[in-house]
Number of protein chains: 2
Amino acid sequence: MIRITREADYGIVLMTALAQAEGQPRSAALLAQQRRLPLPMVSKILKALARANLLTSQRGVQGGYQLARPATAISAADIIGALEGPIAITECSDESHDGCVRQDHCEVSGHWPRINQAIHAALQSINLLEMSRPDPLQPLHFHPLHRAMTTQVIGRLI
Amino acid sequence: MIRITREADYGIVLMTALAQAEGQPRSAALLAQQRRLPLPMVSKILKALARANLLTSQRGVQGGYQLARPATAISAADIIGALEGPIAITECSDESHDGCVRQDHCEVSGHWPRINQAIHAALQSINLLEMSRPDPLQPLHFHPLHRAMTTQVIGRLI
DNA sequence: TTAATCAGTACTTAATTGGTACCATTTGCT
DNA sequence: AGCAAATGGTACCAATTAAGTACTGATTAA
Ligand code: FES
Ligand code: FES
């Protein structure tokens, strides 16, 4: 299945939480509690995001993490890229792998970068502010029946 | 990293090979040889593609596989979807998983379908015919030096 | 009849992910 | 100074998933 790792998934959840903190530092423990995520994971993820310069960190008492830039300047692609490395949809188009043995017999090789870029553009087009505000089409606390309907309509994608 | 499985990767390679066969049936063994792929894998993948009605199969001597529709009517999303199921980029937005425990505390939940659809649209926009003809920007048999240059330019995406 | 070919399933092994644990470092507070 | 709250970094284990193989059965043209 095409899916992002849970690390990146949690990463986006945590970033939205920080986007709502409005510049105040939030500790890993608080965020884990708020979003009901396991603290060790949260800690690991926030560290990685800080290393990628998406967050700034403050150690010590009253320390924590905050966004390094405005939420509008952070995209889904930024977050996913920080947590799982470059988006390389196939092994062949990964620069580190550098040279698929089948390349000479492969008609597609030149097209993978194009496909990757399309996906990257899709992820780049969604910024953190958009993700942080509850979606009017599918409210935060919705009724089970309503949820069943939306799932039916938009759940299956392909 | 976001990546498709090798099965889907090979699937696209094989589909391009069949697109170039122009309606003549090709056996799994021949395709495996042409593309330098392990025969058991090729066999498994072609079966799956046939079951998904992207290929038609003919058993017996002189049998093989051929495209079920014109190459222009088959998209990358079709092939990937056939081989790895629906594109559900996060567990939460997978209809079978049906109900993330964190949903009540999660601001992003409503946005995953949007992200998935963006990616799906990107994959849908690329059809098999496009993928089958050699890319003018990166020809089929290119000189090692040329390859180094293109890799440098377009290799890194994010 | 026979050989080529697809159909289906089950299995093994390798790779990746998810998660935890541990210890070091920094920093404000008393 | 000393302590407690916080991040920084690394290493490790367990569970899941992917990759690849093997085998047996069904169909069909020559
Ligand atoms: S299979 Fe690797 S370049 Fe096409
Ligand atoms: S984490 Fe599952 S819905 Fe947001």
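Values below: all heavy atoms of this structure, side chains included; hydrogens, waters and symmetry mates excluded. Residue numbering restarts at 1 for every chain, and letters A, B, ... go by the order of the sequence lines.
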By side chain to side chain contact (heavy atoms under 4.5 Å, CB included), which residues pair with Ala71(B), not counting sequence neighbours?
Ala19(B), Leu67(B), Leu128(B), Leu129(B)
Residue list, salt bridge (charged side-chain N to carboxylate O under 4.0 Å, His left out) with Arg69(A), at least two apart or on another chain:
Asp78(A)
Just grab all the side chain to side chain donor-acceptor pair (under 3.5 Å) pairs involving residues 39-49 of chain A, residues at least two apart or on different chains.
none
What's the CG-P distance between Leu46(B) and dG20(D), to the nearest Å?
15 Å
Would you kindly give the CG-to-C1' distance between Asp9(B) and dA15(C), to the nearest whole Å?
16 Å
Protein-nucleotide distance (Leu18(B), atom CG; dC6(C), atom P), rounded to Å
10 Å
Any side-chain heavy-atom pair from Ile12(A) and Met131(A) closer than 4.5 angstrom?
yes
Does Arg3(A) place a side-chain N or O at less than 4.0 Å from the phosphate oxygens OP1/OP2 of dT17(C)?
no
Check nucleotides 20-25 of chain C for protein N or O atoms closer than 3.5 Å to its own N or O atoms and list the pairs.
{"unit_1": "dT25(C)", "atom_1": "O2", "unit_2": "Arg59(A)", "atom_2": "NH1", "d": "2.7"}

Round to the nearest Å and state the distance from Gln66(B) atom CD to dC6(C) atom P.
12 Å
Below the 4.0 Å mark, does dG8(D) have OP1 or OP2 next to a side-chain nitrogen or oxygen of Ser57(A)?
yes
Just the rounded figure in Å: distance from C1' of dT7(D) to OH of Tyr65(A).
5 Å
At 4.0 Å (heavy atoms only), tell me whether Ala29(B) reaches a base, stays on the sugar-phosphate, or touches nothing.
nothing
Residues which pass side chain to side chain contact (heavy atoms under 4.5 Å, CB included) with Ser125(B), listed by chain and number, not counting sequence neighbours:
none
Ranking dG20(D), dA7(C), dG19(C) by distance to the side chain of Tyr10(A), first place goes to dG19(C)
From CG of Leu49(B) over to P of dA7(C), roughly how many Å is that when rounded to an integer?
11 Å
Look at Gln58(A) and dG28(C) and indicate whether a side-chain polar atom (N or O) is within less than 4.0 Å of OP1 or OP2.
yes
By nearest nucleotide on DNA chain D, pick out whichever of Gly60(A) and Arg51(A) is the more 5' one.
Gly60(A)
Contacts of type salt bridge (charged side-chain N to carboxylate O under 4.0 Å, His left out), residue Arg51(A), not counting sequence neighbours
none
Take the protein atom CZ of Arg6(A) and the nucleotide atom P of dG19(C), then report the distance between them rounded to whole Å.
4 Å
Determine whether Ile74(B) and Ile126(B) fall in the same hydrophobic cluster, where Ile, Leu, Val, Met, Phe, Trp and Tyr are linked whenever their side-chain heavy atoms lie under 4.5 Å apart.
yes
Nearest whole Å is fine: how far is dT5(C) P from Arg26(B) CZ?
13 Å
